[in-house]
Amino acid sequence: MPFIPHTEEDIRAMLASIGAASVEDLFDEIPAALRADRLENVPPALNEMAVGRLMQERAEQDGRYLNFIGAGAYEHHIPAAVWQIAGRGEFYSAYTPYQAEASQGTLQLLYEFQTMMASLTGMDISNASLYDGASGLAEAVLMAVRAHKSARRVLVPAAVHPIWRQVTDALVKNQGIELVPVPYSTGGGDTVAEALKRFEGEDFAALVIQQPNFFGVLEEVDELTDWAHAQGMLVIGAVNPISLGMLKAPGQWGSRGADIAVGEGQPLGAPLSSGGPYFGFLCCKQALARQMPGRIVGRTVDMDGKPGFCLTLQAREQHIRRAKATSNICTNQGLMATAATVHLALLGQEGLERVAAACHANTRKLAEQACLIAGVERVFSEPFFHEVVITFDLPVADVLRAMEAQGIMGGLDLTPWYPELGNALLVCATETKTQEDIRKFLENLERIVSRRSSGPACTRLKPTATSKW
């Protein structure tokens, strides 16, 4: 953002034009008892050079680590053009486009974003983004319950991202909605139809299917989708947008397709940035449009027949009666959606497929070579996308600390969420990882693990899923 200085003369002129004696007069409606006189704990101001030095020193404390952590937030290459465009002033400072006559650029961009996401997921409609993937899943659950009308229970497999499950439960439990867990296969890591049979004949609003699931494993989405529809449930597909460069879109699952598709948009041009900001996307079939939270941008014509853009659905409590609103947590993450739109436009279908294929190839190579290390085993047998769970005879926290000392973020310790898996580590290798990066990871893993382990190597990997293109 440009820096626009105001001299004392500028400030006096502006105050005089509005009839105020000082800047403090602009806040006279705030009672004196609520004002802070001085901020005692705020350090003295620094000049620009000193601030730059301080920020550089803080950044250097973080170091430059080789990152093999995924679990919902992924390190992808972001072309320089993405943020060169998204960082322009007209995008960078934009918020909610309430006034169509003043927001045509923002509205058109969101229209393009919706078009891209609907096409990517194979759905009819997309809204103009959400806070993140986790709250997007909560919104999808609320949509399903509203649409189903009679049921207030939703089946959520244990292989769905544990934080997403926690966030969703926090947002829906006080509305009398119950999330019922479904166990995963201990051998394959997927949700099998056999585990769902005990729920047949019961009243559920929806089944959640994450593809790929939290373990990186690919679910049998066609079988699960058809089973849920046969039981009168809606299907909520939680998807990684990058994976859709290779895998079947939710709108094509089973004989009828999923009803709602949600996901985390961070892989589409948003840097990791210490956890955010990210954004969520939510798409659905036409029949569920009125249940969708947030807003939809539409293309129309003005009185002279010229094309233009406007908000065609505004279902927030700010716009309509609170009792009729679908949500009050659906603020549009406009800047992130802007970056995603530019990112997808640059990649195109072919580029997205290449990124997805490179991610899968790197993780597959890492998994195959890790299995050659004595004592390292792959936990699940089913095909995966770009994450895999491995195990060894050492506490995962100890292994990760040793790898961190070598400048490697070695993956995510699954012990807190899935203690039944033992010393299990979730590892991810995106297209950003070179062969040298993978070699460094494996050499350090072998050095650390082989000191204590001498178990057999794991079995051969199953063939991967077929590309949809």
Side-chain angles (χ1 to χ4, degrees), residues 68-72 74 133 137 155-166 180-198 207-225 227-228 236-240 242-243 246-248 250 253 263-264 356 359-371 376-393 396 410-430 455-466:
F68 287 88
I69 306 175
Y74 303 99
L137 179 58
L155 291 173
V156 183
V160 170
H161 197 305
I163 294 178
W164 287 31
R165 286 186 278 126
Q166 291 173 357
V180 179
V182 181
Y184 59 86
S185 165
T186 55
D190 57 340
T191 305
V192 295
E194 188 69 28
L196 295 168
K197 285 186 177 180
R198 67 186 182 94
L207 168 68
V208 176
I209 306 172
Q210 185 171 20
Q211 177 76 330
N213 67 26
F214 182 65
F215 303 131
V217 170
L218 302 185
E219 299 278 7
E220 293 290 346
V221 292
D222 293 338
E223 181 182 12
L224 296 176
T225 298
W227 178 89
I236 300 170
V239 293
N240 179 326
I242 295 296
S243 74
M246 292 184 70
L247 305 179
K248 185 183 295 185
W253 293 356
E264 171 57 63
C359 290
H360 175 69
N362 282 344
T363 303
R364 184 178 175 85
K365 182 169 292 187
L366 184 149
E368 288 176 337
Q369 295 182 9
C371 285
V376 176
E377 296 185 17
R378 187 169 160 235
V379 175
F380 301 120
S381 60
E382 291 300 313
F384 55 85
F385 173 52
H386 73 352
E387 286 174 283
V388 66
V389 181
I390 59 175
T391 187
F392 32 74
D393 188 25
V396 179
L412 181 73
D413 185 355
L414 295 184
T415 307
W417 291 293
Y418 301 95
E420 69 275 11
L421 295 179
N423 300 318
L425 177 68
L426 181 66
V427 181
C428 172
T430 67
C458 57
T459 57
R460 287 178 56 84
L461 303 181
K462 285 189 176 183
T464 185
T466 305

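Everything numeric here is computed off the predicted structure, so don't read it as measured data.
- With rounding to the nearest 0.5 angstrom, the CE atom of Met246 is 12.0 Å from the CG atom of Asn240.
- Nearest approach of Pro181 to Arg198, heavy atoms of both residues: O-NH2, 4.1 Å.
- Shortest non-hydrogen contact noted between Glu264 and Gly133 is OE1-N, 2.9 Å.
- A donor-acceptor pair is defined here as one N or O able to donate and one able to accept, closer than 3.5 Å; such a pair exists between the side chain of Arg165 and the backbone of Val160.
- For Thr391 (side chain) and Asn423 (main-chain N/O), a donor-acceptor pair under 3.5 Å exists by modelled atom type.
- Below 30°, between 30° and 60°, or above 60°: for His360 and Phe385 the angle between ring planes is below 30°, a parallel geometry.
- Note on ring orientation: taking the six-membered ring where Trp is involved, the planes of Tyr74 and His386 are tilted (angle from 30° to 60°).
- By the 4.5 Å heavy-atom criterion applied to side chains, Leu425 and Phe68 are not counted as neighbours.
- Considering every non-hydrogen atom in both Ala238 and Trp164, the closest pair reads CB-CZ3, 3.9 Å.
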Practice item. List the steps, then state whether side chain to side chain contact (heavy atoms under 4.5 Å, CB included) holds for Trp253 with Ile209. Key: CA-CA 11 Å; Trp253 293 356; Ile209 306 172; 4.0 Å; yes
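- With a 4.5 Å cut-off on side-chain heavy atoms, Phe215 and Leu414 count as touching.
- Smallest separation of non-hydrogen atoms from Pro157 and Val208: CD-O, 3.0 Å.
- With hydrogens and angles ignored, the 3.5 Å screen pairs no side-chain donor or acceptor of Thr363 with any backbone N or O of Cys428.
- Screening residues 207-218 for side chain to side chain donor-acceptor pair (under 3.5 Å), with sequence neighbours left out, gives Asn213-Glu219.
- Residue His161 comes nearest to Ala71 through the heavy atom pair NE2-O, 2.8 Å, listed as atom of the first residue, atom of the second, then distance.
- Of the inter-residue distances, the one linking Leu207 atom CG with Thr225 atom OG1 reads 7.5 Å to the nearest 0.5 angstrom.
- Note that the OG1 atom of Thr430 and the CG atom of Asn362 stand 7.5 Å from one another [nearest 0.5 Å].
- The two residues Gly188 and Phe380 come nearest to each other via the heavy atoms O-CB, 3.3 Å.
- Between Phe214 and Trp417, the two ring planes are perpendicular [angle over 60°; tilted spans 30° to 60°].
- Under the 4.5 Å side-chain criterion, counting only non-hydrogen atoms from C-beta, Leu412 is not in contact with Glu387.
- Put simply, the side chain of Val182 reaches to within 4.5 Å of the side chain of Leu196, judged on heavy atoms.
- Here CD1 of Ile236 is found 10.5 Å from CG of Leu155. Values are rounded to the nearest 0.5 Å.
- Remark: Glu194 engages Lys197 in a salt bridge, criterion side-chain N to carboxylate O under 4.0 Å.
- Tyr418 places none of its side-chain heavy atoms less than 4.5 Å from the side chain of Leu426.
- The CG atom of Leu247 lies 11.5 Å from the CD1 atom of Ile242; values are rounded to the nearest 0.5 Å.
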